[in-house]
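Ligands are counted one by one from 1 in listed order, and the atoms in each one are counted from 1 as well.
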Amino acid sequence: MAFFPDVPVIKYEGPDSTNPLAFRHYNPAEKVDGKTMAEHLRFAVCYWHTLCGSGSDPFGPGTMSRPWDDQGGSPLDVALRRVDVMFELLAKLQVPFYCFHDRDIAPEEKTLAETNKTLDKVVAKLKQKQQETGVKLLWGTANLFSNPRFVHGASTSCNADVFAYAAAQVKKALEVTKELGGTNYVFWGGREGYHNLYNTDLKREFDHLAKFLHMAVDYRNKIGLDAQFLIEPKPKEPTTHQYDSDAAACMAFLRTYGLEKEFKFNLETNHATLAGHSMFHEMTYAASYGMLGSIDANRGDELIGWDTDQFPTNLYTTTQMMLVILNAGGLGRGGLNFDAKVRRESFEPVDLFHAHIGGMDAFAQGLKIASAIRKDGLLSKFVKDRYSSWDAGIGADIESGKATFESLEAYMLQKGDAEKNTSGRQEMLENIVNRYIK
Ligand code: XLS
Ligand code: NI
Ligand code: NI
C-alpha cells in the first residue's frame, strides 16, 4: 500500500539539480572527514508534527489533507495505519530514525490499563516494522501535557495524584522505549512551570520535579534500559515560566539535585531563540560541559514570539550547529530530529517531503561548510591566538593555580600596566565565514 504514490525514493542529484523531490546536498554514503553523511547527521522524523499535526490554530480547525486518516476504522485502526505511513515516509526520505510521544502513536482509552493495552498493540507493529526496515527509535517520551488532568503540570502539579499518574505513564513509556531499542529518552517539561506566583509554591514544585527524575533514573536502571536520558530546555509556552528554561538553568537544576551524571540535553533551535539565545550559544554551552545529547532541529520566526517549529533552512544556523557537533567529535548516540511542522497552508501530503528534504539538505550543506572551515583552521587559529596570554607566564600561573591576589599585585605593581589589547576582529571573521557559505 503506497500512501505517497507520486513520491519516489528521494535521491541525491547534486547541487545543480532543479528537481524539488531530490537532494542537492544530502548524499547519505558520501564521506566527510572520514564518516558518511548518514553517520554524521543521524536524521530522525518526529511522529507528533508529521503524523498527528492537523494544522489547527487558535483561529480555525485543521487543514491537513491526510487521506490515510480518512479511510475509516477505530482510533486504533487509524494508529496502526499511521505506522505504515511513517515507515513509507522514512524509507522514501532515507531517514534512519524516528521519535514519538506515547500518545502520538496510540489513542488514549478510558483507563490507564486499557490505554497501556492499546499502546502495546501499536508498539508490536512498530517493532515488526523496525525489524523489517532497520529503522531505529532515536528516542521515546511521554506526553504529560495534552490531557486536561495535566492542567497544573505533571510532576510539578499541586495534585499528588497527578504526579502518581505521570509516574505510571513514564514507567510504561520507559518499558516501551526498551522494547523498541530506543537509544535515548527525552523529558520535555510539558506544563512543568507556572503562570503566576500568587498560587504557586515554586521550591516545592522544583523538589517534586527532581524527585520524579530520580525515580525515573532508578527505574531505568532497574529494567536495564540502555538509553541516555535527555532534558529538553524551553523557557516559555505553554507556561509563562517553564522550569527547564535553558541549558544553563537546567545544568544548575541537575547539579542542585545530584542528577547531572544521569542526563544530557536535547536542545531545540526554536527553544534557544525563545530563551534569547542563539542555538550556537546553547550548543556550545552544552558541549563545553559534555552535555550535548541530541538535537531537535527546527527554527522559529524572527517576528513571532512563540514556538513556530518551522523546518530549518538557514545555512548560517546549520553551519554553526555542525561546527559545534564536529568540534565535539559527533552526535554520539543522539541525532538531528526534525521537531518541525509544515505550515497550515502547506496541507498536501507532498509538502511533508519538501519540508524534510529542505531540512536535510540544509544540514548536509552546513556539514560540508563546517568541515571546510575546520579544515582551513582559520577560526580555531584565531581563537587560539586570542588567548595566547594564558599559555605561558602569568596566564599559565593563574590557570594552574600558582597565582594569588598578592602575587598578581606584585606582578602588576612592577609592570605598571597591562599589555595592550588587540582587536576582536568580529567583522573580519564574519567575512571569512561568508567565504565558505556557498
Ligand atoms: C515542545 C517540545 C516537544 C518535545 C517533546 O515544544 O519541543 O515537542 O520535543 O516532548
Ligand atoms: Ni522538541
Ligand atoms: Ni518545541
Side-chain angles (χ1 to χ4, degrees), residues 42-54 57 97-105 108 137-147 150 153-156 166 169-170 172-174 176-177 182-193 209 212-213 216 227-247 250 263-277 279 282-283 286 292-301 304-312 317 321 331 334-343 355-356 359:
R42 298 170 61 82
F43 289 125
V45 168
C46 85
Y47 230 94
W48 51 103
H49 290 313
T50 302
L51 287 175
C52 312
S54 69
D57 72 11
F97 295 100
Y98 71 115
C99 303
F100 61 72
H101 303 82
D102 48 3
R103 302 297 173 254
D104 306 334
I105 57 172
E108 194 155 1
L137 178 64
L138 184 67
W139 50 264
T141 189
N143 177 331
L144 304 177
F145 43 90
S146 294
N147 190 293
F150 299 119
S155 68
T156 66
Q169 197 179 321
V170 169
K172 179 69 181 173
L174 292 171
V176 160
T177 300
T183 40
N184 301 273
Y185 185 91
V186 165
F187 294 84
W188 168 59
R191 294 182 190 273
E192 313 292 36
L209 177 59
F212 192 88
L213 295 178
Q228 173 67 51
F229 274 3
L230 302 171
I231 295 230
E232 183 176 321
K234 183 175 184 178
K236 54 187 169 191
E237 199 204 15
T239 70
T240 314
H241 301 267
Q242 296 278 126
Y243 288 137
D244 300 330
S245 51
D246 65 4
C250 288
F263 286 82
K264 289 187 179 181
F265 297 133
N266 182 45
L267 298 172
E268 177 167 322
T269 320
N270 204 159
H271 297 182
T273 48
L274 286 178
H277 300 304
M279 187 60 160
E282 283 291 85
M283 289 181 63
L292 190 60
S294 198
I295 302 296
D296 271 4
N298 61 15
R299 74 169 207 270
D301 183 314
I304 299 179
W306 66 86
D307 203 12
T308 60
D309 286 340
Q310 288 166 246
F311 276 83
T317 311
M321 291 171 73
L331 278 164
L336 293 171
N337 167 47
F338 292 110
D339 187 353
K341 60 185 174 204
V342 289
R343 298 302 87 192
H356 284 92

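Ligand 1 lies out of reach of Glu237, whose nearest heavy atom is not under 4.0 Å from it.
Applying the side chain to side chain donor-acceptor pair (under 3.5 Å) test to Tyr47 and every residue at least two apart in sequence or in another chain returns nothing.
When each atom of ligand 1 is checked for a heavy atom of Asp296 under 4.0 Å away, the hits are 9 (O). Of all atoms in ligand 1, listed by their number and element, those nearer than 4.0 Å to a heavy atom of Asp307 are 6 (O). In summary, the atoms of ligand 1 found under 4.0 Å from a heavy atom of His101, numbered by their order in the structure, are 5 (C), 10 (O). In summary, the atoms of ligand 1 found under 4.0 Å from a heavy atom of Asp339, numbered by their order in the structure, are 2 (C), 3 (C), 4 (C), 7 (O), 8 (O), 9 (O).
Considering backbone and side-chain N/O atoms, Asn266 never comes within less than 3.5 Å of an N/O atom of ligand 1. In terms of polar-atom proximity, Asp309 is not counted as a contact of ligand 1, lacking any N or O under 3.5 Å from an N or O of the ligand. Checked against a 3.5 angstrom limit, the closest N/O atoms of Lys234 and ligand 1 fall inside it.
For the pair Arg299 (side chain) and Gln310 (backbone), a donor-acceptor distance under 3.5 Å is absent.
Here the closest non-hydrogen pair linking Asp301 and Thr308 is N-OG1, 3.4 Å.
Annotation: side chain of Leu209 is in contact with side chain of Tyr243 (closest heavy-atom distance under 4.5 Å). Under the 4.5 Å side-chain criterion, counting only non-hydrogen atoms from C-beta, Glu232 is not in contact with Asp244. Residues Thr50 and Phe338 have side chains not in contact (no heavy-atom distance under 4.5 Å, counting atoms from C-beta outward).
Protein N/O/S atoms closer to the Ni ion (ligand 2) than 2.8 Å number 4 in this structure.
Checked for salt-bridge contact, Lys234 and Asp307 meet the test: a charged N lies under 4.0 Å from a carboxylate O.
Screening Thr273, Asn298, Asn337 against Glu268 for a side chain to side chain donor-acceptor pair (under 3.5 Å) leaves a single residue, Asn298.
For atom 2 (C) of ligand 1, the nearest non-hydrogen atom of the protein is Glu232 OE2, 3.2 Å.
The Ni ion (ligand 3) is closest to atom OD2 of Asp307 (considering only N, O or S atoms).
A donor atom on one side chain and an acceptor atom on the other are not found under 3.5 Å apart for Gln242 and Ser245. Checked by atom type, the side-chain pair Asp339/Trp48 shows a donor-acceptor distance below 3.5 Å.
Here atom 3 (C) of ligand 1 lies nearest to Trp188 when heavy atoms of Trp188, Trp139, Phe100 are compared.
In this structure, Trp139 and His101 have perpendicular ring planes: the angle between them is above 60°, well past the 30° mark.
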